[in-house]
Trainee: 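Right, I'll just put the structure down here and ask away after.
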Number of protein chains: 2
Amino acid sequence: MSAYAALAEPHRRQILDLLLDGERPAGELVEHLGLSQPGVSKHLKVLREAGLVAVRTEGRQRVYALRPEPLVEVDRWLEPYRAFWSKRLDALERHLEENP
Amino acid sequence: MSAYAALAEPHRRQILDLLLDGERPAGELVEHLGLSQPGVSKHLKVLREAGLVAVRTEGRQRVYALRPEPLVEVDRWLEPYRAFWSKRLDALERHLEENP
DNA sequence: TGCTCATATTTCCATATGGAAATATGATTT
DNA sequence: AAATCATATTTCCATATGGAAATATGAGCA
């Protein structure tokens with residue numbers, strides 16, 4: 001699954017947001033999400049396959065960490081759009097200056 | 001549908017990319033996409049509902065234009081992740097300097 | 001070895017999705 | 001008003017998706 005498709009699901013974005021604060025074992029993610037354990041595990045699988053998270057086994061726990069590389073790609077895709085909307089904002093500013 | 005979900009489909013991203021160059025009538029998008037006309041029309045509907053495009057009727061044509069606002073939201077969501085990966089790249093750089 | 005904890009996988013179900021084909025709509029031309 | 005052009009909507013189908021419940025796996029412990 002592509003990074004874009006992985007990000008389409010709100011719970012998966014929430015998982016990534018949680019991992020921004022640092023790595024966490026799967027169980028901790030389950031606590032925060034209010035989803036069933038198997039449900040979270042499925043989402044983690046999708047995120048793994050999209051390369052958005054990495055797992056490490058530590059004792060009986062599976063510790064998940066953020067892998068931002070696929071997001072870099074999304075960020076690059078957005079690049080030309082940033083030019084587009086800042087152009088628009090500039091035009092708005094000029095308009096406001098000329099019509100105060 | 002959320003902007004994220006709208007972006008999950010490659011053809012829809014392609015449509016947005018085409019609109020970066022300027023507005024275009026639906027038919028022109030059909031030509032470029034190699035999809036059936038109804039197929040493209042469905043994707044356009046999704047993009048409309050996600051607020052990613054605007055339509056204007058011009059004679060018998062329907063001219064589509066990019067509306068970047070929802071992408072700004074995605075860009076904002078990405079913001080903290082940028083800090084995350086640049087931190088990582090910095091660490092890599094230091095490593096390379098110290099181990100040339 | 002048997003037991004328990006943490007997590008993954010499987011199964012089932014209802015719903016959503018994308019594509020192709022057919023049809024409908026609305027504006028322009030004749 | 002009828003015909004035509006551009007596009008939207010509907011219908012059908014196969015496949016994907018997310019969630020809940022049940023089950024399986026694998027590591028550490030008694």
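Reminder, nothing fancy here: chain letters follow the sequence lines and each chain counts from 1. Model, not experiment: these values are computed from the prediction.
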Trainee: With DNA chain C as reference, determine whether B:Q37 or B:K42 sits nearer its 5' end, using the nearest nucleotide of each.
Mentor: B:K42
Trainee: Of all nucleotides in DNA chain D that come within under 4.0 Å of a heavy atom of chain A, which is furthest toward the 5' end and which toward the 3' end?
Mentor: D:dT17 to D:dC29
Trainee: Give B:P25 one of three labels, base, sugar-phosphate or nothing, depending on what nucleic acid heavy atoms sit under 4.0 Å from its own.
Mentor: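 B:P25: backbone/sugar contact only, no base atoms under 4.0 Å.
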Trainee: Map B:M1 and A:Y64 onto DNA chain C by nearest heavy atom, then report which one ends up closer to the 5' terminus.
Mentor: A:Y64
Trainee: Identify, between A:T57 and A:V46, the residue whose nearest nucleotide on DNA chain D lies closer to the 5' end.
Mentor: A:V46
Trainee: Hey, which of A:D75, A:V74, A:L66 is the one that makes side chain to side chain contact (heavy atoms under 4.5 Å, CB included) with B:Y81?
Mentor: A:L66
Trainee: Atom CG in A:L71, atom CH2 in B:W85: separation rounded to 0.5 Å?
Mentor: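 The distance works out to 6.0 Å.
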Trainee: Is there side-chain contact between B:R67 and B:V53, with at least one heavy-atom pair below 4.5 Å?
Mentor: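 Heavy-atom side-chain distance check fails, nothing below 4.5 Å.
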Trainee: Between P on C:dA27 and CZ on B:R60, what's the gap in Å once rounded to a whole number?
Mentor: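 Rounded to the whole Å, the gap is 12 Å.
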Trainee: Checking all strands, does B:G59 fall into the base, sugar-phosphate, or nothing category for heavy-atom contacts under 4.0 angstrom?
Mentor: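 Answer is sugar-phosphate: B:G59 comes under 4.0 Å of backbone atoms only.
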Trainee: Fit a plane to each ring of A:H43 and A:H11, take the angle between them on a 0 to 90° scale, and name the class: parallel (under 30°), tilted (30 to 60°) or perpendicular (over 60°).
Mentor: tilted
Trainee: Should the pair A:R13 and B:Y4 be classed as cation-pi, given the thresholds of under 6.0 Å to the six-membered ring centre and 45° from the axis?
Mentor: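 Yes, a cation-pi geometry.
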Trainee: Please figure out whether B:P38 or A:E9 has its closest DNA chain D nucleotide nearer the 5' end.
Mentor: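 It is B:P38 whose nearest nucleotide is closer to the 5' end.
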Trainee: What is the separation between atom CZ on A:R62 and atom C1' on C:dC5, rounded to the nearest whole Å?
Mentor: 14 Å
Trainee: Could you please spell out the steps behind the side chain to side chain contact (heavy atoms under 4.5 Å, CB included) verdict for B:V63 and B:V55?
Mentor: CA-CA 6 Å; B:V63 179; B:V55 218; over 6 Å; no
